[in-house]
Participant: 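Below is a structure I'd like to ask you about.
In this text, all values refer to a predicted model and were calculated from it rather than measured experimentally.
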Amino acid sequence: MELFFLCGLTLFILFVSFSLSSLFSSTRKTNGNSQTNLPPGRTGLPFIGESLEFLSTGRKGHPEKFIYDRMAKYSSQIFRTSILGEPTAVVCGAAGNKFLFSNENKLVTAWWPESVNKIFPSSTQTSSKEESKKLRKLLPHFLKPEALQRYVGMMDTIAQRHFETGWEGHQEVAVFPLAKNYTFWVACKVFLSIEDPKHVSKFADPFNVLASGLITIPIDLPGTPFNRAIKASNLIRKELSAIIKQRKIDLAEKKASPTQDILSHMLLTSDENGQYMTELDIADKILGLLIGGHDTASAAITFIVKYLAELPEIYHKVLTGNLFIKCKKDFIQIGYLSLFKSNTNIFIS
């Protein structure tokens with residue numbers, strides 16, 4: 001089920017990242033027939049669209065089938081549908097994706113699904129273009145080579161603790177849940193300077209509920225994934241608000257460093273007008289960063305393990321070439337690679 005949500009989210013973001021609604025709108029104004037020049041395809045049932053089939057293929061373990069079937073039926077380049085309450089144009093292939101990603105804020109504009117707008121209230125206050133600009137100004141400071149170099153030791157320490165508690169001594173391991181735990185732990189450290197496993201786990205459960213319900217049909221009724229996601233986001237936001245307030249005090253009393261993590265940077269950085277972000281805005285951005293880096297990194301780790309397990313010849317080359325990594329002038333032995341020499345059974349779930 002968790003992998004299904006991952007695949008569904010990945011496909012949704014990959015193919016539906018950019019809205020062509022403005023193009024559709026201008027086409028309707030220019031042409032008497034609202035269907036003129038629209039991509040081939042169908043939008044399915046009112047409001048629901050083709051969401052049920054999209055979710056069904058995911059539950060069966062083949063979310064890509066939804067895309068491939070329509071590529072074969074309508075067009076291998078572009079088709080239209082309706083997913084999660086949103087009219088959608090799906091652009092396929094390398095050329096189509098290159099067109100989209102090279103024309104951001106030119107011919108196409110990024111957009112947020114209605115579910116995201118309801119879960120992240122601050123996303124409705126500014127355009128996605130402005131939000132993108134803000135984040136691009138904030139993040140480079142933490143992505144410089146010297147900054148990334150500081151993370152290596154921290155990530156290695158967390159990785160070793162993670163393998164000791166989650167992998168060693170187990171006859172069977174499910175990689176994807178463990179990979180999510182690891183990436184979330186690292187993200188909490190980088191973004192919030194939180195590394196205590198108990199504090200991290202306090203965030204983890206509601207965060208997983210939020211991630212599972214974020215890209216769903218936005219029906220806010222008790223018991224629905226969307227309703228649970230809203231409740232989880234409120235719970236996390238409340239916890240983040242307490243952390244932000246305490247960090248303000250620590251910065252004022254010189255107990256925290258202005259450069260120790262992204263939270264401190266957000267609190268101390270103003271825009272071109274001298275305005276600082278509100279606590280709600282900061283909480284939503286931290287949440288967005290956690291979600292944005294969570295499933296993508298976890299998926300990458302999971303598939304690396306999957307292919308190493310399936311391709312022993314590649315695994316042995318990787319193992320031979322990566323027993324040691326160079327960090328500055330010292331060589332640090334990566335002990336956790338020895339796990340793959342054991343009889344541990346690895347499951348991708």
Participant: Do the numbers put R70 on top of the ring of F66, so that NZ or CZ is under 6.0 Å from the six-membered ring centre and no more than 45° off the axis?
Facilitator: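 Verdict for F66: a cation-pi partner in R70.
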Participant: In the structure I gave you, are the side-chain heavy atoms of W185 and R161 within less than 4.5 Å of one another anywhere?
Facilitator: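 They are in side-chain contact.
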Participant: Calculate, to the nearest 0.5 Å, the distance between atoms NZ and OG belonging to K65 and S56 respectively.
Facilitator: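 Answer for the NZ-OG pair, K65 versus S56, is 9.0 Å.
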Participant: Let me check something: do I282 and Y276 share a hydrophobic cluster, defined by ILVMFWY side-chain heavy atoms less than 4.5 Å apart, either directly or through other members?
Facilitator: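 Hydrophobic grouping puts I282 apart from Y276.
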Participant: Keeping T57 on the side-chain end and E53 on the backbone end, is there a donor-acceptor pair under 3.5 Å?
Facilitator: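 It does hold such a pair.
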Participant: What I'd like to find out is whether the side chain of L267 reaches to under 4.5 Å of the side chain of R247, using heavy atoms alone.
Facilitator: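 L267 vs R247: side chains touch.
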Participant: Does any donor atom in the side chain of T81 or T88 lie under 3.5 Å from an acceptor atom in the other side chain?
Facilitator: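 Looking only at side-chain atoms, T88 and T81 do not form any donor-acceptor pair under 3.5 Å.
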Participant: Is there side-chain contact between E279 and S241, with heavy atoms separated by less than 4.5 Å?
Facilitator: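 Answer yes - side chains close enough.
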Participant: Looking only at non-hydrogen atoms, find the nearest pair between S233 and I230 and report the distance.
Facilitator: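 Where S233 meets I230 most closely, the heavy atoms are OG-O, 2.7 Å.
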Participant: Give the C-alpha distance, both sets of side-chain angles, the deciding distance and a yes or no for side-chain contact (heavy atoms from CB on, under 4.5 Å) between F203 and L240.
Facilitator: CA-CA 10 Å; F203 275 105; L240 285 175; 4.0 Å; yes
Participant: Under 3.5 Å, side chain of S75 to main-chain N/O of M71, donor-acceptor pair present?
Facilitator: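 Not confirmed, S75 side chain does not pair with M71 backbone.
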Participant: Quick one: does any side-chain atom of S264 pair with a main-chain N or O of Q260 as donor and acceptor, under 3.5 Å?
Facilitator: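 Side chain of S264 to backbone of Q260: no pair is present.
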Participant: Between L221 and N227, does the side-chain contact (heavy atoms from CB on, under 4.5 Å) criterion hold? Intermediate values first, please.
Facilitator: CA-CA 6 Å; L221 294 176; N227 178 265; 5.8 Å; no
Participant: In sequence, state the C-alpha distance, the side-chain angles, and the governing distance for V209 and D205, and then conclude on side-chain contact (heavy atoms from CB on, under 4.5 Å).
Facilitator: CA-CA 7 Å; V209 173; D205 290 340; 6.0 Å; no
Participant: Can you give me the closest heavy-atom contact between S298 and F176, atom names plus distance?
Facilitator: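 Reported closest heavy-atom pair: CB-CE1, 3.8 Å.
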Participant: Please find the pair of heavy atoms, one from T302 and one from A179, that lie closest to each other, and give the distance.
Facilitator: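 So the minimum-distance heavy-atom pair works out to OG1-CB, 3.8 Å.
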Participant: Work out which heavy atom in L251 is nearest to a heavy atom in A256; give both atom names and the distance.
Facilitator: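 The answer is CD2-O, 3.6 Å.
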Participant: What distance do K60 atom NZ and L55 atom CG have between them, rounded to the nearest 0.5 Å?
Facilitator: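 Nearest 0.5 Å value for the NZ-CG distance: 12.0 Å.
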Participant: Any side-chain heavy-atom pair from C92 and Q77 closer than 4.5 angstrom?
Facilitator: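 No, their side chains stay 4.5 Å or more apart.
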Participant: Assess the residue pair F54 and L52 against the criterion (side-chain contact (heavy atoms from CB on, under 4.5 Å)); give the C-alpha distance rounded to whole Å, side-chain angles, the decisive distance to 0.1 Å, and a yes or no.
Facilitator: CA-CA 5 Å; F54 175 72; L52 296 180; over 6 Å; no
Participant: According to a 4.5 Å side-chain heavy-atom criterion applied to Ile, Leu, Val, Met, Phe, Trp and Tyr, with indirect links allowed, do L235 and F184 form part of one hydrophobic cluster?
Facilitator: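 No, L235 and F184 fall in different hydrophobic clusters.
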Participant: What distance separates I301 CD1 from Y182 OH, expressed to the nearest 0.5 Å?
Facilitator: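 Reported value, rounded in 0.5 Å steps: 6.5 Å.
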Participant: Hey, does I119 have a side-chain heavy atom less than 4.5 Å from the side chain of D284?
Facilitator: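 Sidechains of I119 and D284: no contact.
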Participant: Counting neighbours of NE2 on H62 that are heavy atoms of other residues, nucleotides or ligands and sit closer than 6.0 Å, is the number greater than 12?
Facilitator: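 Incorrect, the count does not exceed 12.
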Participant: Could you tell me whether the side chain of T183 and the main chain of A297 form a donor-acceptor pair under 3.5 Å?
Facilitator: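 Not confirmed, T183 side chain does not pair with A297 backbone.
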Participant: Tell me whether the rings of W167 and H162 are parallel (<30°), tilted (30 to 60°) or perpendicular (>60°).
Facilitator: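 W167 and H162: perpendicular rings.
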Participant: Flag the pair F207 / I291 as yes when at least one side-chain heavy-atom distance between them is below 4.5 Å, and no otherwise.
Facilitator: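 Heavy-atom side-chain distance check passes, below 4.5 Å.
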Participant: Hey, does the side chain of R80 reach the backbone of A89 with a donor-acceptor pair shorter than 3.5 angstrom?
Facilitator: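 Flag not set: sc R80 to bb A89 has no pair under 3.5 Å.
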Participant: Could you measure the distance from the CG atom of L290 to the CG atom of L210? Nearest 0.5 Å is fine.
Facilitator: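 Taking CG in L290 and CG in L210, the distance rounds to 9.5 Å.
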Participant: Under a 3.5 Å distance rule, please check whether D281 uses its side chain to pair with a backbone N or O of M277 as donor and acceptor.
Facilitator: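 No: the side chain of D281 does not pair with the backbone of M277.
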Participant: Salt bridge or not between D261 and K189? Use side-chain N to carboxylate O under 4.0 Å.
Facilitator: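 Salt bridge between D261 and K189, a charged N being under 4.0 Å from a carboxylate O: no.
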Participant: Rounded to the nearest 0.5 Å, what separation is found between the OG atom of S257 and the CG atom of D250?
Facilitator: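 These two atoms lie 11.5 Å from each other.
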Participant: Under a 4.0 Å threshold between the charged nitrogen and the carboxylate oxygen, would D69 count as salt-bridged to K73?
Facilitator: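 The answer is no: the pair does not qualify as a salt bridge.
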Participant: Does any non-hydrogen side-chain atom of V190 lie less than 4.5 Å from one of Y151?
Facilitator: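 Answer yes - side chains close enough.
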Participant: Which atom names give the shortest non-hydrogen contact between A283 and I244, and what distance separates them?
Facilitator: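 In terms of heavy atoms, the two residues are closest at N-CD1, 4.0 Å.
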Participant: Go through the structure and list residues passing salt bridge (Lys or Arg N to Asp or Glu O under 4.0 Å) with R42, not counting sequence neighbours.
Facilitator: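 Residues passing salt bridge (Lys or Arg N to Asp or Glu O under 4.0 Å) with R42: E50.
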Participant: Go through the structure and list residues passing salt bridge (Lys or Arg N to Asp or Glu O under 4.0 Å) with R228, not counting sequence neighbours.
Facilitator: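 Per chain and number, R228 pairs via salt bridge (Lys or Arg N to Asp or Glu O under 4.0 Å) with no residue.
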Participant: Output yes when K317 and E313 qualify as a salt bridge under the 4.0 Å nitrogen-oxygen rule, no when they do not.
Facilitator: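 Salt bridge between K317 and E313, a charged N being under 4.0 Å from a carboxylate O: no.
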Participant: Measure from the side-chain N and O atoms of T269 to the backbone N and O of M266, and report whether any donor-acceptor pair falls under 3.5 Å.
Facilitator: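 Checked: no pair found.
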Participant: Mark yes or no for whether T224, through its side chain, and D220, through its backbone, hold a donor-acceptor pair below 3.5 Å.
Facilitator: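 Not a single qualifying donor-acceptor pair exists.
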Participant: Might you point out which heavy atoms bring H170 and G166 nearest each other, and give the distance in Å?
Facilitator: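 Minimum heavy-atom separation between H170 and G166: CD2-O, 3.4 Å.
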Participant: Is the closest side-chain heavy-atom distance between I243 and I194 below 4.5 Å?
Facilitator: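 In short, these two side chains touch, coming nearer than 4.5 Å.
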